[in-house]
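In this text the structure is predicted, and so the values were computed from the model without any measurement.
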Amino acid sequence: MSKAVKYAERAVTIAAQGAWSVFEKLNSIRPNPSFTPKWSDKPLLKSWQKEKPPLGWPRTTDSLCPKCVPEIRQQIIDGKLPHEILLNEKVGEIKAQIIERDGRILMVKDCPKHGHFEDVMSIDTAFFRHLEEVFPGRDIRAHNDDKLHNHGTSTVTHGRGSVLTIDLTNRCNMMCDPCFMDANQVGFVHELTWDEIKQMLDNAITIKPRRQMSVQFSGGEPTLSPYFLDAVAYARKVGYNSVQAATNGIEFAKSKELCRAAAEAGLRYAYLQFDGIGNAANSHRKVGNLFDVKLQAIHNLHEAGVDIVPVTTIINGINNEQVGHIIQFALDNPKKINFLSFQPVSFTGRDEGISDERRLAQRYTLSHMAHDVKNQTGLGEPTRDWFPISFMSTFSDWADLVHGPNHEWGQLSCGCHPNCGIGMALMIDKETREAVPVTAFLNADRLAKDMAKINDAARGKTLSVIGAALALLRNYDPRKSPTHFRIVDLLQKFDKCFGATGRNYGKVTGDRTMADIEKRRADRWNFLFIAGMWFQDLFNYDFRRTEQCIIPYATQEGEISFCAYNTGIGWRNIIEKMHMTATLTKWYEEHGRHEIFAGGKRVGMESAQHTLILNQEHVDAAANNSLDKLGIAKNAREEKLRAREAKLKQDAENARMAKLYREHVLGEKPVEGLVSIDAIAPAPKPARASEPAGEPVMGD
């Protein structure tokens with residue numbers, strides 16, 4: 001695009017500035033009251049009505065003791081305490097302070113029984129402050145939800161989420177470290193029946209506000225459930241436009257037919273476990289050809305019409321150097337990847353009993369991520385281009401306004417706590433691969449304030465759309481946007497995201513076809529959203545975050561916050577034991593063993609052909625060995641082995657010292673025929689014939 005066009009567009013934005021000034025003054029005169037939409041029993045909130053939790057620092061919040069909670073949870077699982085204690089008492093709760101020390105934000109807390117705990121929440125105070133300052137406030141309080149939201153102090157109180165997660169099974173075909181659910185190791189199978197799946201989906205749409213959420217089927221590995229395809233189809237049938245599968249991709253890589261069947265059932269997104277570029281970067285998962293599996297899964301799913309979201313658990317010393325490699329992979333393949341989800345590690349599941357040394361070495365925060373993106377790719381200024389995910393809720397409120405009171409569903413709204421998740425958007429030219437952060441050419445902070453004024457005035461659809469167009473134009477700088485990006489592209493992208501004008505960009509509803517999918521993909525501009533979602537663990541747990549969780553789990557005991565379910569009090573362990581399908585022994589007798597890929601075992605695939613563009617230098621890079629250099633264990637299994645070896649050595653040393661004491665102090669003579677402690681140490685347990693050597697199997 002010529003400079004002349006850019007200058008002409010600059011003139012348009014200047015004119016929009018003047019027009020906005022007039023619009024703003026007129027719009028502020030006698031604003032309309034908020035209407036109550038069909039999907040809520042309460043009216044839309046004005047910006048000043050949105051509640052905010054205590055923010056800033058120093059501040060005090062409610063947290064959990066990392067030692068008390070596992071002890072109490074085990075008593076409940078063992079039947080020594082009723083689970084109702086969680087509904088009526090503040091089990092394991094202690095106060096925590098969020099403070100600044102040495103340029104970092106920390107959570108510090110003390111348990112009367114177990115002493116002092118502290119952990120880092122941010123390595124950049126300015127970044128942490130920025131996220132909290134632009135937080136727009138909580139969503140509408142959840143209502144009509146008494147039967148599903150009743151979990152004591154862990155109860156979700158605001159909104160109704162953006163992703164409803166349903167674990168179809170706790171069975172998995174991998175044996176990963178880390179694993180927040182400790183898959184394949186709990187000694188029983190918990191697998192939902194078809195009636196339970198339908199009931200959970202039916203229950204979800206009864207809560208008000210009735211938001212248009214994504215439904216994510218997870219596990220374990222959801223594709224192992226016999227009801228996976230039926231569950232996808234039923235979710236679309238009851239009205240959810242965005243149906244996802246959180247998957248390791250193995251079954252999708254093995255079978256194009258499964259990919260086609262999933263797409264036909266209504267699967268829109270595959271949240272694909274994706275730890276880095278190259279098999280070395282994925283080697284900690286102990287599958288010999290795991291990166292090749294990921295590439296084939298992406299190829300097969302995209303070909304079938306399913307969009308892919310690579311999901312990366314980031315751990316310092318394991319794959320933190322892969323952040324830039326993964327973003328470069330997305331930039332090189334803009335027609336296939338339009339969303340990245342990075343998830344800083346949560347020390348739970350297999351890692352709940354982590355040592356302080358390994359926790360401090362492996363801890364990774366959202367601030368680490370923002371700085372790694374900049375340092376490894378040159379993209380994104382932490383305090384300019386990154387915003388809390390909840391920042392987008394102002395724009396969701398605008399969509400709710402223009403869709404009117406008779407819309408069946410509320411707009412998807414990510415109203416989580418500002419410490420939970422962050423995002424940065426890149427505008428990528430699919431033809432030239434030029435990439436520019438959206439907030440480099442769009443003043444997002446001022447735009448959100450302008451949109452809030454439009455929302456607060458609560459005019460009709462036409463005036464609200466006009467106001468949004470003026471706000472976009474006045475905050476847009478064409479001189480800093482991608483070379484071929486035009487004002488019309490900006491307006492169309494905004495409309496495509498929120499469906500304000502009703503223009504057909506390709507349907508996303510349950511009756512969408514491959515033609516609709518191709519129409520949406522034909523857009524020259526890829527809006528690549530890079531998200532960071534930091535799930536809590538017992539060391540940094542904050543109940544203010546749990547209360548407004550946007551990723552609830554649907555269970556037989558109601559809908560529970562993601563962190564309360566997996567990491568806080570640990571509802572997962574309790575509910576899965578309460579509703580277990582069968583012991584492993586019984587399950588194996590009736591169903592046999594499913595295949596598990598571990599110990600370096602390779603996945604067999606029909607084909608290894610794909611059309612993805614790779615950076616060969618990244619593919620060939622060696623695995624991260626920084627923890628080896630420091631002498632720190634990389635995972636829970638390694639930590640246990642080291643502890644066992646240390647105990648054997650200590651036992652041997654104790655025996656030796658006792659022998660010397662008896663001989664030299666007590667004057668006893670050595671007893672003939674005794675063997676050493678090393679000789680009586682238990683031999684390593686042999687691997688079962690059906691499982692790869694060197695890896696645990698289900699129930700071990």
Novice: Looking at every heavy atom in both Leu426 and Val438, which two are closest together, and how far apart are they?
Specialist: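 So the two residues come closest at C-CG2, 4.1 Å.
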Novice: Using 0.5 Å steps for rounding, measure from the CD1 atom of Ile389 to the OG atom of Ser162.
Specialist: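 Ile389 CD1 to Ser162 OG: 7.5 Å, rounded to 0.5 Å.
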Novice: Are any of the side-chain nitrogens in Asp628 or Lys634 under 4.0 Å away from the carboxylate oxygens of its partner?
Specialist: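 Between Lys634 and Asp628 there is a salt bridge, with a charged N closer than 4.0 Å to a carboxylate O.
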Novice: Could you check if a side-chain atom of Asn289 sits within less than 4.5 angstrom of a side-chain atom of Met605, using non-hydrogen atoms only?
Specialist: yes
Novice: Can you name the side chain to side chain contact (heavy atoms under 4.5 Å, CB included) partners of Asn282, sequence neighbours left out?
Specialist: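 Asn282 satisfies side chain to side chain contact (heavy atoms under 4.5 Å, CB included) with Asp275, Leu290, Phe291 only.
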Novice: Phe274: which residues meet the ring pair (Phe, Tyr, Trp, His ring centres under 6.0 Å) condition with it, sequence neighbours left out?
Specialist: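 Residues passing ring pair (Phe, Tyr, Trp, His ring centres under 6.0 Å) with Phe274: Phe329.
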Novice: Would you confirm whether His594, through its side chain, and Cys172, through its main-chain N or O, come within 3.5 Å as a donor-acceptor pair?
Specialist: yes
Novice: Does some side-chain heavy atom of Leu366 sit less than 4.5 Å from a side-chain heavy atom of Trp386?
Specialist: no
Novice: Find the distance between CG (Asn319) and CD1 (Ile277) and round it off to the nearest 0.5 Å.
Specialist: 11.0 Å
Novice: So does Gly324 get a backbone contact from the side chain of Gln376, meaning a donor-acceptor N/O pair under 3.5 Å?
Specialist: yes
Novice: Kindly say whether Tyr541 contributes a backbone atom to a donor-acceptor pair with the side chain of Ser63 at under 3.5 angstrom?
Specialist: yes
Novice: Which residues pass the salt bridge (charged side-chain N to carboxylate O under 4.0 Å, His left out) test with Arg268, not counting sequence neighbours?
Specialist: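 Partners of Arg268 under the salt bridge (charged side-chain N to carboxylate O under 4.0 Å, His left out) test: none.
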Novice: Using the side chain to side chain contact (heavy atoms under 4.5 Å, CB included) rule, take Val108 and His116 through it: C-alpha gap first, then chi angles, then the decisive distance, then the call.
Specialist: CA-CA 8 Å; Val108 297; His116 185 72; 4.1 Å; yes
Novice: Tell me, with the steps shown, if Asp351 and Arg358 meet side chain to side chain contact (heavy atoms under 4.5 Å, CB included).
Specialist: CA-CA 10 Å; Asp351 284 311; Arg358 183 161 72 90; 2.7 Å; yes
Novice: Can we say Arg572 and Asp167 salt-bridge, meaning some charged N sits less than 4.0 Å from an Asp/Glu carboxylate O?
Specialist: yes
Novice: Please tell me if the side chains of Leu538 and Thr567 come closer than 4.5 Å, counting only heavy atoms from C-beta onward.
Specialist: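 Answer no - side chains too far apart.
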Novice: Quick one: does Thr125's side chain get under 4.5 Å of Ile105's, heavy atoms only?
Specialist: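 A side-chain contact exists here, since the closest heavy-atom pair is under 4.5 Å.
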Novice: Between Phe485 and Trp525 (judged by ring centroids, cut-off 6.0 Å), do the two rings come close enough to count as a pair?
Specialist: yes
Novice: If you define the side chain from C-beta out and look only at heavy atoms, does anything of Asp372 sit under 4.5 Å from Tyr364?
Specialist: yes
Novice: To the closest 0.5 Å, what do you measure between CD1 (Ile98) and NZ (Lys109)?
Specialist: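 Going from CD1 on Ile98 over to NZ on Lys109, the span is 10.0 Å.
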Novice: Quick one, His368 with Asn320, criterion side-chain hydrogen bond (donor to acceptor under 3.5 Å, both in side chains). Give me CA distance, side-chain angles, the key distance, then yes/no.
Specialist: CA-CA 9 Å; His368 284 88; Asn320 52 297; over 6 Å; no
Novice: Atom CG in Asp542, atom OG1 in Thr61: separation rounded to 0.5 Å?
Specialist: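 One gets 3.5 Å once the value is rounded to the nearest 0.5 Å.
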Novice: Ignoring hydrogens and geometry, is there a side-chain-to-backbone donor-acceptor pair from Lys67 to Gly115 under 3.5 Å?
Specialist: no
Novice: What distance do Cys416 atom SG and Ile551 atom CD1 have between them, rounded to the nearest 0.5 Å?
Specialist: 7.5 Å
Novice: Count the heavy atoms belonging to other residues, nucleotides or ligands that lie under 6.0 Å from CZ of Arg644, then report whether that count exceeds 12.
Specialist: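 Counting other residues, nucleotides and ligands, CZ of Arg644 stays at 12 neighbours or fewer.
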Novice: Do the ring planes of Tyr271 and Phe339 sit parallel (below 30°), tilted (30 to 60°) or perpendicular (above 60°)?
Specialist: tilted
Novice: For residues Asn173 and Glu221, is any side-chain donor paired with an opposing acceptor at under 3.5 Å?
Specialist: no
Novice: Between the side chains of Glu434 and Thr483, is a donor N or O closer than 3.5 angstrom to an acceptor N or O?
Specialist: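 Yes, because at least one side-chain N or O of Glu434 sits under 3.5 Å from a partner of the opposite role on Thr483.
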Novice: Of the non-hydrogen atoms in Ala246 and Ser218, which two are nearest, and what is the gap between them?
Specialist: CB-OG, 3.8 Å
Novice: Side chains of His484 and Glu431, heavy atoms from C-beta outward: is any pair under 4.5 Å?
Specialist: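 No. Closest side-chain heavy atoms not under 4.5 Å.
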Novice: We want to know whether Asn279 and Asp292 form a side-chain donor-acceptor pair, criterion being a heavy-atom distance below 3.5 angstrom.
Specialist: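 Side chains of Asn279 and Asp292: pair found under 3.5 Å.
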Novice: For Gly56, is there any backbone N or O sitting under 3.5 Å from a side-chain donor or acceptor partner on Glu132?
Specialist: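 The answer is yes, because a donor-acceptor pair under 3.5 Å joins these two groups.
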Novice: Thr439: which residues meet the side chain to side chain donor-acceptor pair (under 3.5 Å) condition with it, sequence neighbours left out?
Specialist: Asp385
Novice: State which residues pass side chain to side chain donor-acceptor pair (under 3.5 Å) with Asn338; sequence neighbours excluded, sorted by chain then number.
Specialist: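 Once residues adjacent in sequence are excluded, Asn338 has no partner under the side chain to side chain donor-acceptor pair (under 3.5 Å) criterion.
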Novice: Does Asp537 pair with Arg363 as a salt bridge, N-O distance under 4.0 Å?
Specialist: yes
Novice: Check Phe527 against Ala425 and note the closest heavy-atom contact, atom names and distance.
Specialist: CZ-CB, 3.5 Å
Novice: Within the side chain of Asp523, is there an N or O that forms a donor-acceptor pair under 3.5 Å with the backbone of Arg520?
Specialist: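 Side chain of Asp523 to backbone of Arg520, a donor-acceptor pair under 3.5 Å: no, none is there.
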Novice: Measure the shortest side-chain to side-chain distance between Phe597 and Val293 over non-hydrogen atoms and say whether it is less than 4.5 angstrom.
Specialist: no
Novice: Would a distance-only check, ignoring hydrogens and angles, find a side-chain to backbone donor-acceptor pair under 3.5 Å from His610 to Lys294?
Specialist: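 No, His610 side chain to Lys294 backbone: no donor-acceptor pair under 3.5 Å.
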Novice: Minimum heavy-atom separation for Pro418 and Leu55, please, with both atom names.
Specialist: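 Taking every non-hydrogen atom into account, CG-CD2, 4.0 Å.
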Novice: Taking NZ in Lys335 as the centre, count heavy atoms belonging to other residues, nucleotides or ligands within less than 6.0 Å. Is the count above 12?
Specialist: no
Novice: Determine whether the aromatic ring centres of residues Trp57 and Phe128 are separated by less than 6.0 angstrom.
Specialist: yes
Novice: Output the distance between atom CD1 (Ile327) and atom CG (Asp332), rounded to the nearest 0.5 Å.
Specialist: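 Ile327 CD1 to Asp332 CG: 12.0 Å, rounded to 0.5 Å.
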Novice: Any idea which heavy atoms bring Phe217 and Pro222 closest together, and the distance?
Specialist: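 Looking at all heavy atoms of both residues, the closest pair is O-CG, 3.5 Å.
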Novice: Is Gln296 reaching over with its side chain to a backbone N or O of Gln609, donor-acceptor style, under 3.5 angstrom?
Specialist: yes
Novice: Distance-only, no hydrogens or angles: does the Lys430 side chain make a donor-acceptor pair with backbone N or O of Asn526 under 3.5 Å?
Specialist: no
Novice: Would Ser346 and Gln536 count as a side chain to side chain contact (heavy atoms under 4.5 Å, CB included) if you check the C-alpha gap in whole Å, the side-chain angles of each, and the deciding distance to 0.1 Å?
Specialist: CA-CA 6 Å; Ser346 170; Gln536 303 180 87; 5.8 Å; no
Novice: Strictly below 4.0 Å, N to O, side chains only: are Lys374 and Glu381 in salt-bridge contact?
Specialist: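 Salt bridge between Lys374 and Glu381, a charged N being under 4.0 Å from a carboxylate O: yes.
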Novice: What residues, two or more places apart in sequence or in another chain, satisfy side chain to side chain contact (heavy atoms under 4.5 Å, CB included) together with Ala435?
Specialist: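 Only Leu331, Ile428 meet the side chain to side chain contact (heavy atoms under 4.5 Å, CB included) criterion with Ala435.
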Novice: If we count only N and O atoms by modelled type, under 3.5 Å, do the side chains of His284 and Asn635 hold a donor and an acceptor together?
Specialist: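 Result is no, nothing qualifies.
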Novice: Could you tell me whether the side chain of His302 reaches within less than 4.5 Å of the side chain of Arg521, counting heavy atoms only?
Specialist: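 Of all side-chain heavy-atom pairs linking His302 with Arg521, at least one is under 4.5 Å.
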Novice: Between the side chain of Thr165 and the main-chain N/O of Gln216, is any donor-acceptor distance below 3.5 Å?
Specialist: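 A pair under 3.5 Å: no.
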Novice: Where do Pro437 and Leu379 come nearest, in terms of heavy atoms and distance?
Specialist: CD-CD2, 4.4 Å
Novice: Give a yes or no on whether a salt bridge exists between Arg642 and Glu638, defined as a side-chain N under 4.0 angstrom from a carboxylate O.
Specialist: yes
Novice: Check this for me: Arg104, atom CZ, are more than 12 non-hydrogen atoms of other residues, nucleotides or ligands nearer than 6.0 Å?
Specialist: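 For Arg104, atom CZ is not crowded (no more than 12 foreign heavy atoms under 6.0 Å).
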Novice: Using the salt bridge (Lys or Arg N to Asp or Glu O under 4.0 Å) definition, which of the options Glu303, Glu251, Glu606 pairs with Lys256?
Specialist: Glu303
